[in-house]
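Remember, it's a predicted structure, so these values are computed and weren't measured experimentally.
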Amino acid sequence: MNTKTTVTWVGILLGFGLLLFFLIQLDWALFWQALQGLRPLYIGLMVLSCLGGSTLRALRCGVLLRAMLQREKIPLFSWGKHLRLSWQALYIGIFGNMVYPAKAGEVMRVFYLHKAFDTTAGTAITAATLDRVMDVLGVLSIGLALTYTFLPTSPLMRNALFSLGMALGVILLLGVLFIIFHQQCHKIIRYILTPFPAFLREKCLALLGQTIDAIMSVQRPSTLGLGLFCTGMAFFCDALACWALLLAFGWTLPFAAGLSLELAFCVAGSLPSAPGYLGVYQAAAVFVLSGFGHNVADGIAVAMIEQLVWLLLSGCICGLIHLYSPKNERK
């Protein structure tokens, strides 16, 4: 069994194991009671906020990718087409994550960027990776804000957020060191790959070279500044969507609850998971809502609506992409 298959099965077993664990404890009467009190107006606000956040993320990816394409001297599309293709790639990735296990949607998104923009695989991978690195920065910022501002009375939540911040900080530090010392890292990787077959070694080194070139192209302050601005606004929209979801159940909770739920969903979404993040989203929602005095049934209901909204939204958008995109963009 190869690594990819192992990760897939770990994700599926983890997701369904967590889902079964919470379903055993579920009070079905409370669960249906929570769903019956849903307010459609707030669900509409949630959908609009989700669209706003995804559009800002598509703009961020488009800005990063445009800078990389300029360095490669590849002919550029108009900004409108550039943003549209980035937006389509984002929703193809989201839908892929909703219907396939082990975050297969990320691979689908990179493949679409590679084909739609006619760029190298290394550039497409780097654009998607830097996009996620900025998401990590957003998660880290929310975690620090919640740790020191919104949740001073919850030692468990504070310790969990602090541990998460430390782990993400180490990952970011390693990434920064790789960028600063990329030439030395290239030599080390070349040495490590020496025992491998020549064709595999050259392919890996070529991909690494493309990645380094792409990273070097986004170091301009204007590119990074716009990317970070889009990240901050996207996370605000996502937190607003989570807060609107909580308000849709008729609960009076602070905006900090929406921030906490968004943070928990981001962390849960980074784990190997079953299709649609089954199990891990339920665990995230139950964990957060327990800190605000709610039961397991409320957490299960919140996670289910979150998953259903994203499945329907991304599915409808992908259907429209298939129907109305030019044929050469659907290959």
Side-chain angles (χ1 to χ4, degrees), residues 4 7-8 11-12 15 46-66 68-69 74 76-135 214 227 230-231 234-235 237-238 241 265-266 268-278 280-281 306-331:
K4 180 180 178 181
V7 171
T8 300
I12 292 173
M46 174 192 175
V47 172
L48 290 176
S49 299
C50 290
L51 286 170
S54 59
T55 301
L56 286 162
R57 282 189 168 81
L59 176 60
R60 178 185 64 190
C61 183
V63 168
L64 295 174
L65 191 55
R66 196 174 182 87
M68 297 175 191
L69 296 177
I74 293 177
L76 300 177
F77 301 128
S78 65
W79 261 110
K81 185 175 181 180
H82 201 89
L83 177 59
R84 177 173 61 82
L85 292 176
S86 299
W87 194 75
Q88 289 175 183
L90 177 67
Y91 270 98
I92 287 171
I94 292 172
F95 186 66
N97 286 335
M98 297 305 296
V99 298
Y100 294 112
K103 295 182 71 63
E106 299 300 325
V107 179
M108 295 169 62
R109 181 189 179 202
V110 169
F111 183 79
Y112 188 87
L113 290 172
H114 171 48
K115 293 296 183 181
F117 288 96
D118 193 26
T119 185
T120 63
T123 298
I125 292 171
T126 305
T129 302
L130 289 177
D131 203 50
R132 291 304 177 221
V133 167
M134 289 195 172
D135 277 340
C230 290
T231 299
F235 270 96
C237 289
D238 291 345
F265 282 154
C266 286
S270 67
L271 300 173
S273 59
Y277 304 108
L278 281 174
V280 292
Y281 265 27
E306 171 80 7
Q307 291 162 323
L308 186 61
V309 166
W310 275 112
L311 177 62
L312 293 176
L313 183 62
S314 61
C316 290
I317 290 176
C318 285
L320 293 173
I321 292 171
H322 181 74
L323 288 174
Y324 295 107
S325 291
K327 289 184 179 181
N328 63 321
E329 292 178 8
R330 289 186 254 147
K331 293 180 180 180

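Within the structure, salt bridge (Lys or Arg N to Asp or Glu O under 4.0 Å) contacts touching residues 89-99 (residues at least two apart or in different chains) do not occur.
When each of I317, I321, L320 is tested with Q88 by the rule side chain to side chain contact (heavy atoms under 4.5 Å, CB included), just one qualifies, namely I321.
Aromatic ring orientation, Y281 versus Y277: parallel (interplanar angle below 30°, classes split at 30° and 60°).
Applying the ring-ring contact (aromatic ring centres under 6.0 Å, His included) rule to W87 yields the partners Y91; only residues at least two apart in sequence or on another chain are considered. Residues that satisfy the salt bridge (charged side-chain N to carboxylate O under 4.0 Å, His left out) test with R57, not counting sequence neighbours, are D135, D238. When the side-chain contact (heavy atoms from CB on, under 4.5 Å) test is applied to L83, the partners found at least two apart in sequence or on another chain are A58, L59. Every residue meeting the side-chain contact (heavy atoms from CB on, under 4.5 Å) condition with C266, not counting sequence neighbours, appears here in chain and number order: V139, F235, E262. Shown here are the side-chain contact (heavy atoms from CB on, under 4.5 Å) partners of A89, two or more places apart in sequence or in another chain: R109, Y112, L113. For E106, the side-chain hydrogen bond (donor to acceptor under 3.5 Å, both in side chains) partners at least two apart in sequence or on another chain are N97, R132. Under the ring-ring contact (aromatic ring centres under 6.0 Å, His included) criterion, F95 pairs with no residue, sequence neighbours left out.
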query = So K81 and L85, side chain to side chain contact (heavy atoms under 4.5 Å, CB included) or not? Walk me through it.
reply = CA-CA 6 Å; K81 185 175 181 180; L85 292 176; 4.2 Å; yes
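C61 and S86 make their closest contact through C-OG, 4.4 Å (heavy atoms, listed as atom of the first residue, atom of the second, distance). Residue L90 comes nearest to S54 through the heavy atom pair CD2-O, 3.1 Å, listed as atom of the first residue, atom of the second, then distance. Shown here for A128 and V110, the closest heavy-atom pair between the two residues is CB-CG2, 3.6 Å. Taking every heavy atom of both residues into account, G52 and C237 meet most closely at C-SG, 4.1 Å. For L64 against D131, the heavy-atom pair with the smallest separation is CD1-N, 4.1 Å.
For the pair H114 (side chain) and A124 (backbone), a donor-acceptor distance under 3.5 Å is absent.
Atom CG of L313 sits about 11.0 Å away from atom CG of L308, to the nearest 0.5 Å. Atom NE2 of residue H322 and atom CD1 of residue I92 lie 11.0 Å apart, to the nearest 0.5 angstrom. The SG atom of C318 sits 7.0 Å away from atom CE of M108, with the distance rounded to the nearest 0.5 Å. A distance of 12.0 Å separates CD of E306 from CG of L311, quoted to the nearest 0.5 Å.
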